[in-house]
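This report concerns only the one structure given below.
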Amino acid sequence: MPPATPELISPRSPRVAAARRLAKRNFRGKERLFLAEGPQAVREAAGHRAGDAATLVELFATLEAAERYADIVGQARDAGARVHLASEQVIADISTTVTPQGLVGVCRFLDTPFEEVLAARPRLVALLANVRDPGNAGTVLRCADAAGAEAVVLTDASVDVYNPKAVRASVGSLFHLPVAVGVPVEQAVEGLRAAGVRVLAADGAGDRDLDDELDKGTMGGPTAWVFGNEAWGLPEETRALTDAVVRVPIHGKAESLNLATAAAVCLYASARAQRAAGGCRSVTGN
């Protein structure tokens with residue numbers, strides 16, 4: 001496959017330096033660009049558009065990766081992205097992983113305004129309040145995508161969803177569903193409730209049991225789950241904003257569940273209850 005541009009040998013190349021800076025949040029915010037690493041994320045980015053604009057704007061690939069993933073490179077070119085063949089040293093310099101897979105994409109921000117999330121009348125939403133670990137944020141996003149949620153909302157106190165670790169942990173799900181960022185938790189809860197969505201806090205100390213709620217048939221309506229900080233959960237003032245505080249029952253001897261596991265249980269419980277209440281539905285709720 002002939003290169004689209006000369007091979008980028010030196011890590012001092014201006015294009016490489018510009019991409020490398022995107023590992024830092026302040027540069028991502030300034031440029032409204034982020035990195036997507038590996039074939040899965042790059043494939044999803046190459047196929048994604050926000051309105052008339054392609055999400056993937058630039059791709060760095062080793063010669064070996066360009067040959068192995070020729071379909072992805074071709075898709076990137078078709079999307080209008082600038083494709084650079086790069087040395088392994090260059091890819092390692094840009095990448096934030098220990099063992100890079102030879103493909104690193106530069107992507108436009110793709111977050112959705114919170115007002116658009118509400119206007120779509122979502123039936124299942126994950127709201128991350130003060131979640132600080134990027135791996136957890138990305139994994140919850142992946143769980144929400146798998147459960148058929150219509151949106152993920154991150155509060156202004158949560159981690160940057162474009163953190164490279166969060167992007168990797170989402171395994172492409174970042175490109176699948178609307179994500180709203182920087183929303184104050186009070187505004188998020190108030191807006192969701194006004195849109196007809198029941199807001200539930202997931203907390204191990206909740207006074208309601210998830211199994212009991214399912215048995216009572218209360219879980220079939222539009223629902224947003226609020227997930228809190230990994231270490232200390234949800235503060236009382238946030239729990240007080242919600243319609244109910246629900247715990248995932250621990251039937252064995254485990255002390256607790258981690259954030260991503262609890263999120264998966266809660267989101268799938270709602271998804272199953274909603275299908276039972278209204279029949280099988282698509283991700284868009286049609």
If you measure from CG on L214 to CE on M219, what distance do you get to the nearest 0.5 Å?
->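 So the CG of L214 and the CE of M219 are separated by 5.5 Å.
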Testing the 3.5 Å rule here: is there a donor-acceptor pair between the side chains of [X] and [Y]?
{"X": "T62", "Y": "E88", "value": "no"}
{"X": "T261", "Y": "N258", "value": "yes"}
{"X": "R28", "Y": "N26", "value": "no"}

With hydrophobic residues grouped by side-chain heavy-atom distances under 4.5 Å, do [X] and [Y] end up in a single group?
{"X": "V171", "Y": "L177", "answer": "no"}
{"X": "L127", "Y": "V131", "answer": "no"}
{"X": "V248", "Y": "V140", "answer": "yes"}
{"X": "F175", "Y": "L141", "answer": "yes"}
{"X": "L118", "Y": "L110", "answer": "no"}

Shortest non-hydrogen contact between [X] and [Y], atoms and distance:
{"X": "V197", "Y": "A224", "result": "CG1-N, 3.3 Å"}
{"X": "A41", "Y": "A36", "result": "CB-CB, 4.0 Å"}
{"X": "L56", "Y": "A81", "result": "O-CB, 3.6 Å"}
{"X": "C266", "Y": "L210", "result": "CA-CD2, 4.4 Å"}

Backbone of [Y] reached by a side-chain donor or acceptor of [X] within 3.5 Å:
{"X": "R121", "Y": "A195", "answer": "yes"}
{"X": "E37", "Y": "P164", "answer": "no"}
{"X": "Y162", "Y": "L22", "answer": "no"}
{"X": "R49", "Y": "A79", "answer": "no"}
{"X": "S95", "Y": "A92", "answer": "no"}

Tell me, which pairs form a side chain to side chain donor-acceptor pair (under 3.5 Å) where one or both residues lie in residues 177-195, sequence neighbours left out?
->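 Only R193-D243 qualify under side chain to side chain donor-acceptor pair (under 3.5 Å).
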Quick one: side chain to side chain donor-acceptor pair (under 3.5 Å) pairs with a partner in residues 50-59, sequence neighbours left out?
->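 Only R15-E58, H48-T55, E58-R82, E58-H84 qualify under side chain to side chain donor-acceptor pair (under 3.5 Å).
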With a 4.5 Å limit on heavy-atom distance, are the side chains of [X] and [Y] in contact?
{"X": "S13", "Y": "V90", "answer": "no"}
{"X": "F60", "Y": "V83", "answer": "no"}
{"X": "L33", "Y": "V57", "answer": "yes"}
{"X": "V199", "Y": "V226", "answer": "yes"}
{"X": "L192", "Y": "V125", "answer": "yes"}
{"X": "D203", "Y": "R239", "answer": "yes"}
{"X": "T223", "Y": "L200", "answer": "yes"}
{"X": "Q101", "Y": "P39", "answer": "yes"}

Is R21 close enough and on-axis enough to F27, meaning under 6.0 Å and within 45°, for cation-pi?
->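 Flagged: R21 positioned over aromatic ring of F27.
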Take a 6.0 Å sphere around [atom1] of [X] and say whether it holds more than 12 heavy atoms from other residues, nucleotides or ligands.
{"X": "E237", "atom1": "CD", "value": "yes"}
{"X": "R142", "atom1": "CZ", "value": "no"}
{"X": "R68", "atom1": "CZ", "value": "no"}

Using the ring of each side chain (for Trp, its six-membered ring), is F34 parallel, tilted or perpendicular to F109, with breaks at 30° and 60°?
->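 Tilted.
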Are R32 and D111 within salt-bridge range, i.e. N to O under 4.0 Å?
->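 Looking at D111 together with R32, the answer is yes, because their closest N to O distance falls below 4.0 Å.
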Run the salt-bridge test on E213 and R198 with the 4.0 Å N-O cut-off and return the result as yes or no.
->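 Salt bridge flag = yes for R198 with E213.
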In a check of side chain to side chain contact (heavy atoms under 4.5 Å, CB included) between T238 and each of V185, V189, N229, which one passes?
->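 So the option named by the test is V185.
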